[in-house]
Amino acid sequence: LLIDWINTTLKQEHIVVKSLEEDLYDGLVLHHLLEKLGSFKLDVDKIALTEKKQRQKLSVILEAMDKCLQLDESQLKWSVESILTKDLLSTLHLLVAIAKHFQPSLAIPPNVQVETITIEVIIVLIFVTEDPRDLVLDDAFDELFSRAPDRLDDVKKVFLQFVNQHVGKLGLNVKDMESQFADGVLLLLLIGQLEGYFLNLRDFFLTPASTTEMV
């Protein structure tokens with residue numbers, strides 16, 4: 001509906017929108033929409049080729065658009081950054097607000113809902129050279145234990161799936177990494193599978209009976 005409305009509105013400008021994410025982020029279509037619907041000119045270039053100029057152009061356009069829509073700052077569900085990064089939800093919020101303001105008769109379907117997925121990113125800094133202060137630093141798993149212990153089970157499941165995908169070819173099945181990897185046998189067999197070679201059984205103890213044999 002929104003794409004058809006934009007294309008109908010800008011038909012005389014010979015502008016055809018096919019994707020809201022790909023065709024609106026640079027400000028060109030929004031620029032034409034504002035001039036066509038708001039009947040005023042903006043002192044910005046029609047085409048902005050660089051990201052810096054696109055950002056500047058979007059800033060001017062959205063500032064003018066926000067004033068025209070007469071919305072409180074708390075009602076603005078879009079920003080220069082979100083439009084520039086092709087955030088579809090922000091683009092939809094902006095277009096619906098424009099349509100309601102300039103063409104209230106447009107038959108926008110009510111109660112449209114969008115499911116969003118929020119992905120949490122955990123950033124862990126790991127030294128690849130010695131710490132200049134000669135301190136002992138935690139690695140990524142130490143950070144996981146201390147900062148996100150609730151994610152540990154998820155990480156274990158991923159590793160178990162990875163391990164069984166490879167040792168399963170040998171008719172083996174790992175259910176508990178702590179106990180089944182303790183003697184080193186599964187680790188050796190896993191390495192052999194990953195590297196694509198057969199480990200001579202004379203080179204290690206297949207059923208180690210002591211700590212020395214495990215080592």
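Below, all heavy atoms of this structure are taken into account, side chains as well, without hydrogens, waters or symmetry copies.
A donor-acceptor distance shorter than 3.5 angstrom exists from the side chain of Q180 to the backbone of D176, with no hydrogens or angles considered. With hydrogens and angles ignored, the 3.5 Å screen pairs a side-chain donor or acceptor of N164 with a backbone N or O of V174. Remark: side-chain polar atoms of T85 are paired, donor with acceptor, to backbone N or O of E81 under 3.5 angstrom. For the pair H166 (side chain) and L194 (backbone), a donor-acceptor distance under 3.5 Å is absent.
With hydrophobic clusters built from ILVMFWY side chains whose heavy atoms lie under 4.5 angstrom apart, L95 does not share a cluster with V16. Taking hydrophobic clusters as Ile, Leu, Val, Met, Phe, Trp and Tyr residues chained together by side-chain heavy-atom distances below 4.5 Å, F204 shares a cluster with F181. Hydrophobic cluster membership is shared by I3 and L33, with clusters built from Ile, Leu, Val, Met, Phe, Trp and Tyr side chains linked at under 4.5 angstrom. One hydrophobic cluster, built from ILVMFWY side chains closer than 4.5 Å, holds both V163 and L206. A continuous path of hydrophobic side-chain contacts links I83 to L71 [ILVMFWY only; heavy atoms under 4.5 Å].
Here the rule is side chain to side chain contact (heavy atoms under 4.5 Å, CB included) with W78, and of D87, L94, L92 only L94 fits it.
Taking each heavy atom of L160 and K175 in turn, the nearest pair found is CD1-O, 3.8 Å. Nearest heavy atoms, W5 versus L106: CG-CD2, 3.8 Å. Contact record, Q165 with K169: O-CE, 3.7 Å, taken as the closest heavy-atom pair. Annotation for I108 and L1: closest pair CA-CD2, 3.6 Å, computed over non-hydrogen atoms. Taking every heavy atom of both residues into account, V17 and L20 meet most closely at CG1-CD2, 4.3 Å. When all heavy atoms of L69 and I98 are compared, the closest pair comes out as CD2-CA, 4.1 Å.
With rounding to the nearest 0.5 angstrom, the CG atom of D66 is 4.5 Å from the CG atom of L76. Taken to the nearest 0.5 Å, the NZ atom of K86 stands 9.0 Å off from the CG atom of D26. In this structure, CG in L190 is found 10.0 Å from CD in E195, a value given to the nearest 0.5 Å. Taking CG from L30 and CG from L58, the interatomic distance works out to 6.5 Å, rounded to the nearest 0.5 Å. Of the inter-residue distances, the one linking I15 atom CD1 with H32 atom NE2 reads 4.0 Å to the nearest 0.5 angstrom. The line from NE2 of H93 to OG1 of T91 is 10.0 Å long, rounded to the nearest 0.5 Å.
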Below 3.5 Å, can you tabulate the donor-acceptor pairs from side chains in residues 208-215 to any protein atom, sequence neighbours excluded?
from	atom 1	to	atom 2	distance (Å)
S210	OG	E213	N	3.3
E213	OE1	A209	N	2.6

Please report the C-alpha distance between E178 and K156 in whole Å, then the side-chain angles of each, then the deciding distance to 0.1 Å, and finally whether the side chain to side chain contact (heavy atoms under 4.5 Å, CB included) criterion is met. CA-CA 10 Å; E178 287 92 335; K156 285 182 179 179; 3.0 Å; yes

